[in-house]
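Counting begins at 1 with the first residue of the sequence.
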Amino acid sequence: DSVASRGLGDVYKRQIMNINHKDFELSFEIFPPRDLNASFKLWRTIEELAKLTPKFISVTYGAGGSTRELSQTALSIIAKEYKLEVAGHLTCMGSSKKEVMKIAEKYAGLGAKRIVALRGDLPTKNNESNINKDVFSSSIELISALKSTGNFQISVAAYPNIHPEAKSEQSDLDMLRAKFDAGADNAITQFFFEAEDFLRFRDKCRSVGINQKIIPGILPIENWAKTKKFTKRCGLVAPEWMNKSYENCRNKEEQTLLSKAICTEICDELIQEGINSLHFYTLNDPYMTREVCKALGRKFNSSYLSYVA
């Protein structure tokens, strides 16, 4: 009995009226802006998201460290100007151990007490200049090194629908357990399309003794066509009912209403199943995330004042 099987007319309105979750934790992911217009958009986004009193905001890190300086600048501004807790993404492929740990040290100096530790993309045959460097062989080594500093709370990646490079579901679970054994404090999942995907994954983790906190990664769908393309690159398959639902929308307004309803329903089900933290992939746009959080019962902090002139 999902939103796909019901009329759109009053689904979202009914959700807003009936849902009143107050105490769940929120966190948001943003990516660093690459030009002036993107910067203005990002800071407007941060001002809107800050009103939802997030636990932290994470800042992504381009493939091979391609946005390293931009990421550090964004992280610094969010921490110092907006007074929000930040988490810096950190990958270990393509850089030496010394270089990676120097970036972690820089994060700490900028006010980051959290790091999202990732392997990053493997070097291609045309980009193997770092092959002989003293590098971290995996995210496991990176996590262990970060843990030894005692400076960070460490988040890692988890995959409800199995990492596309994993040999099997069991090997994927073994990798997650190894990350926790190396010192990770929690995991944030790749996005998924149905609450059951996450809940099934959580139960499998528990069944093999993984009891640490696993935070669902939530992707509000802004544009279905773009989301489908991105989904393929991530090795995921969108459910057919969802594809048909978007195809049946007559205009952008109906697509937006459908997206709000689907995302709100997923989050509501997760919270009802005992999940108390949600991590939103915002794509630097506050609208859908804000509307879903509002529908879930999240109150805006009207006393929040922007620290940026």
Side-chain angles (χ1 to χ4, degrees), residues 1-21 24 26 28-29 31 45 157-166 168-169 172 188-204 214-275 278-298:
D1 189 30
S2 70
V3 292
S5 63
R6 307 197 295 272
L8 278 178
D10 67 339
V11 170
Y12 186 62
K13 290 179 181 178
R14 190 163 65 247
Q15 288 173 338
I16 292 175
M17 290 173 62
N18 295 342
I19 299 175
N20 190 25
H21 302 298
F24 61 97
L26 275 174
F28 305 121
E29 179 185 288
F31 54 84
T45 295
Y159 299 86
N161 293 292
I162 308 177
H163 191 284
E165 296 175 16
S168 66
E169 182 179 73
D172 208 29
I188 301 172
T189 75
Q190 184 182 55
F191 72 93
F192 46 89
F193 289 110
E194 298 179 278
E196 186 59 32
D197 293 342
F198 176 85
L199 296 172
R200 191 183 303 114
F201 174 68
R202 178 197 63 177
D203 292 345
K204 287 176 181 174
I214 301 175
I215 304 170
I218 307 297
L219 179 67
I221 297 171
E222 302 277 355
N223 181 303
W224 179 239
K226 289 182 178 179
T227 299
K228 283 200 298 182
K229 290 180 181 178
F230 180 62
T231 294
K232 287 183 179 179
R233 294 204 303 270
C234 295
L236 298 177
V237 178
E240 187 57 29
W241 69 261
M242 187 175 289
N243 195 44
K244 288 182 178 178
S245 295
Y246 278 99
E247 288 178 353
N248 289 335
C249 289
R250 294 170 294 185
N251 50 48
K252 176 64 175 175
E253 184 180 358
E254 285 194 359
Q255 286 189 2
T256 299
L257 188 62
L258 177 63
S259 291
K260 290 180 188 175
I262 289 174
C263 193
T264 302
E265 190 165 271
I266 289 171
C267 294
D268 176 44
E269 185 174 345
L270 292 174
I271 294 172
Q272 290 195 51
E273 288 288 336
I275 305 303
L278 302 174
H279 184 77
F280 281 82
Y281 298 112
T282 71
L283 303 181
N284 288 18
D285 189 327
Y287 175 72
M288 195 69 73
T289 295
R290 182 189 65 207
E291 292 300 297
V292 170
C293 290
K294 183 167 68 174
L296 291 170
R298 188 70 163 207

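- Taking 4.5 Å as the limit, some side-chain heavy atom of Gln190 sits within range of a side-chain heavy atom of Cys234.
- Heavy-atom neighbours of Glu240 CD from other residues, nucleotides or ligands within 6.0 Å: above the threshold of 12.
- With a 4.5 Å cut-off on side-chain heavy atoms, Ser259 and Trp224 do not count as touching.
- One N or O on the side chain of Arg298 and one on the backbone of Phe24 form a donor-acceptor pair closer than 3.5 Å.
- Using a 4.5 Å cut-off on side-chain heavy atoms (C-beta onward), Arg202 and Ile275 make contact.
- In this structure, Phe28 and Phe280 have tilted ring planes: the angle between them lies in the 30° to 60° band.
- Interatomic distance, Thr289 OG1 to Glu222 CD, rounded to the nearest 0.5 Å: 7.0 Å.
- Of the possible donor and acceptor atoms, none in the side chain of Thr231 sits under 3.5 Å from a partner among the backbone N and O of Val237.
- A heavy-atom distance below 4.5 Å is not found between the side chains of Ile188 and Glu29.
- The shortest side-chain heavy-atom distance between Arg200 and Phe192 does not fall under the 4.5 Å cut-off.
- Within the 4.5 Å cutoff, the side chain of Phe193 has heavy atoms near those of the Thr227 side chain.
- Residues Leu219 and Leu283 have side chains in contact (heavy-atom distance under 4.5 Å, counting atoms from C-beta outward).
- Without hydrogens or angle criteria, Asp197 side chain to Pro160 main chain gives no donor-acceptor distance under 3.5 Å.
- Looking only at side-chain heavy atoms (C-beta outward), Ile218 and Leu270 come within less than 4.5 Å of each other.
- Here the closest non-hydrogen pair linking Phe198 and Ile215 is CE1-C, 4.2 Å.
- A salt bridge is defined here as a Lys NZ or Arg NE, NH1 or NH2 lying under 4.0 Å from an Asp or Glu carboxylate O, and Glu247 with Lys244 fails to meet this definition.
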